Trainee: 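Could you have a look at this structure, given as structure tokens, before my questions?
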There are 2 protein chains.
Amino acid sequence: MPEAQFSDYNPRDYPAVAVTVDMAVFTIRDSALRVLLVERGEEPFKGAWALPGGFVRPDEDLDAAAARELKEETGVTRRDAFLEQLGSYGSPRRDPRMRVITVAYWAVCPALARPTGGGDATRAELVLVSRVEDRSIDLAFDHNEILGDALERLRSKLEYTALGARFCPPTFTISELRRVYEAVWNTTLDPGNFQRNVRRSGSFEQARSGHALTGRRVGRPASVWSTRGRLSSPGRPLATRHRSRGEDRG
Amino acid sequence: MPEAQFSDYNPRDYPAVAVTVDMAVFTIRDSALRVLLVERGEEPFKGAWALPGGFVRPDEDLDAAAARELKEETGVTRRDAFLEQLGSYGSPRRDPRMRVITVAYWAVCPALARPTGGGDATRAELVLVSRVEDRSIDLAFDHNEILGDALERLRSKLEYTALGARFCPPTFTISELRRVYEAVWNTTLDPGNFQRNVRRSGSFEQARSGHALTGRRVGRPASVWSTRGRLSSPGRPLATRHRSRGEDRG
DNA sequence: CACACTTATTGTCAGTTTGTCAATAACGTG
DNA sequence: CACGTTATTGACAAACTGACAATAAGTGTG
């Protein structure tokens, strides 16, 4: 039945459906990957952690709704973060109150100072992703699944795009970028090989002046880099995720 | 604002929103990539081609809605096709009648005989993708955009997964599989290299008996293969899309 | 000051992969 | 039989990859 069959569709004949956006907002602090969570203030799941989100307004499109919520929750605007749709979740019973379909997004921000927590007094925190992954924290609704999918998307995109740079400030050292990969993938990468790939990729350009000064304690001063072009376009990997033999299209 | 703020939400206070699924169903016939389109029977866009789709029912989740529509439009069940969510489209004015958010899906079927065209008399056709790409055919609503995104997804996934086999019957020759890649990417691939990658991938197994008999006219008889494992898991490419230097994360 | 340690950068090397092309195998047709 | 066609296997040079070494450029300590 094509989308055209409105001749017999009356919205009042069906239970209402609400559409929301939910967001997995990732950042890195203290070399650890974190996700922004908010505490639920009412039932269902009162007191539990959840992904931030909200209703899509009647006059805004989905991306705009997500960008608005991102701004409200983090103070970060869309131009300073990576934001992309992840997918929609519409199990009939994901919310016991009514039919709610959520369009999930994921975002990457440079280190957030402190979550602003939205307009009300809701409690928000940058929670270690490892704590959600090891089930120390269980999320409300189907947010465990959404976060799991967002993590897999992030980890996958990290390999094929230069998106990792969105965790960094506008200028950064190659080691800082490498440490993004190490935090997200929970692994270590060879500094020499990584730098070779960064230099070869064409997605980064070296600053003409000077070396990194910020945060340096000891060791050789590093050169400073910035990004060039569209970071989400596929290209050659800067690094590859380790896969055991059995995982090869297993 | 978290998803929790239902304390002041009344669905009747807002314009109703309908949620639909739309599908880009791909198949290959006569060595050419085709997409299933239906002709609209009423305004808006009366007479125009559109992607098949329909309303999500109150008691079904999104995947089930898509699978149901796929069955209605093609007669193909979910277990015989690849079906995956592509993303949601929710521009406020995508449909002039009311607020409609669509969750787009894409599917891959072995050669469809003839589209069943759904329950009513709507006209359906397997249209050459090239005709939509070269703008010989313009689609209704935002379906041009949806189809473009689905195509890009298909072309990208073809590289990193063994999904191309879903265009083939349960058993196939390596050349048949290679011709899938050639049709989707609109290119030619080296037979020797392709076979080397198929053999090496671990995603395919050779039939123990015999060689291809069907459709062979001339030339050496080919061995017959089938798939093994999950075709959508990422692995080593069977082939790579040609990219000019300028497209490398340009 | 010398030295140890740390971090950044460049290089080496053996093994693997990739794309182009050749050689051989197995069929059908005239 | 020769030839054309399609399938399969192989050769080869260039490029890539991961592990590790060597050198560079700092800081801190005795």
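Residue numbers begin at 1 in each chain, while the letters A, B, ... track the order of the sequences. All of these numbers come straight from a predicted model, not from anything done at the bench.
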Trainee: Measuring from the side chain of Ala222(B) (C-beta onward, heavy atoms only), which nucleotide among dT8(D), dT20(C), dG28(C) has the closest atom?
Mentor: dT8(D)
Trainee: Between dT7(C) atom C1' and Arg220(A) atom CZ, what is the distance in whole Å?
Mentor: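 About 9 Å, once rounded to whole Å.
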Trainee: Just to verify, what does Arg179(B) make a salt bridge (charged side-chain N to carboxylate O under 4.0 Å, His left out) with, not counting sequence neighbours?
Mentor: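 By the salt bridge (charged side-chain N to carboxylate O under 4.0 Å, His left out) rule, Arg179(B) matches no residue at all.
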Trainee: Given dC16(D), dG19(C), dT9(C), identify the nucleotide with an atom nearest to the side chain of Ile174(A).
Mentor: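 Ranking dC16(D), dG19(C), dT9(C) by closest atom to the Ile174(A) side chain puts dT9(C) first.
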Trainee: Is a donor-acceptor pair below 3.5 Å formed from side chain Arg196(A) to base dG18(D), judging by atom type as modelled?
Mentor: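 Counting by modelled atom types and ignoring angles, a donor-acceptor contact under 3.5 Å is found here.
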Trainee: Does a side-chain N or O from Ser175(A) land closer than 4.0 Å to OP1 or OP2 of dT7(C), or not?
Mentor: no
Trainee: Nearest to the side chain of Thr240(A), which nucleotide is it out of dA8(C), dG18(D), dC27(C)?
Mentor: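 Selected nucleotide: dG18(D).
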Trainee: Start at the 5' end of DNA chain C and walk down; is the nucleotide closest to Gly192(B) or to Asn197(B) reached first?
Mentor: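 Nearest-nucleotide comparison on DNA chain C picks Asn197(B).
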Trainee: Round to the nearest Å and state the distance from Arg236(A) atom CZ to dG18(D) atom C1'.
Mentor: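 Taking CZ of Arg236(A) and C1' of dG18(D), I get 16 Å after rounding.
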Trainee: Given dT8(D), dT17(D), dC27(C), identify the nucleotide with an atom nearest to the side chain of Gln195(B).
Mentor: dT8(D)
Trainee: Calculate the interatomic distance between Phe194(A) atom CZ and dA8(C) atom C1'; express it in whole Å.
Mentor: 14 Å
Trainee: Find the distance Arg200(A):CZ to dT9(C):C1' and express it as a whole number of Å.
Mentor: 16 Å
Trainee: Taking the nucleotide of DNA chain D with the closest heavy atom to each, which residue, Asn193(A) or Arg199(B), is nearer the 5' end?
Mentor: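 Per heavy-atom nearest nucleotide, the more 5' residue is Arg199(B).
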Trainee: State yes or no: are the ring centers of Tyr160(A) and Tyr160(B) separated by less than 6.0 Å?
Mentor: yes
Trainee: Below 30° counts as parallel, above 60° as perpendicular, anything between as tilted: where do the rings of Phe194(B) and Tyr181(B) land?
Mentor: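 Phe194(B) vs Tyr181(B) ring planes: perpendicular.
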Trainee: Counting any heavy atom closer than 4.0 Å, what does Arg178(B) reach on the DNA or RNA strands: base, sugar-phosphate only, or nothing?
Mentor: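 It contacts nothing in the nucleic acid.
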Trainee: Please compare Arg179(B) and Asp190(B) by the position of their nearest nucleotide in DNA chain D and report the one closer to 5'.
Mentor: Arg179(B)
Trainee: Verify the neighbour count for atom CG of Asn186(A): are there more than 12 heavy atoms of other residues, nucleotides or ligands below 6.0 Å?
Mentor: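 Atom CG in Asn186(A) is not packed in, count stays at 12 or less.
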Trainee: Can you measure Leu189(B) atom CG to dT8(D) atom P for me and round it to whole angstrom units?
Mentor: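 Rounding to the nearest Å, CG of Leu189(B) and P of dT8(D) are 15 Å apart.
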Trainee: Under a plain distance cut-off of 3.5 Å, with no hydrogens placed, do Asp149(A) and Tyr89(A) share a side-chain donor-acceptor pair?
Mentor: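 Short answer, yes.
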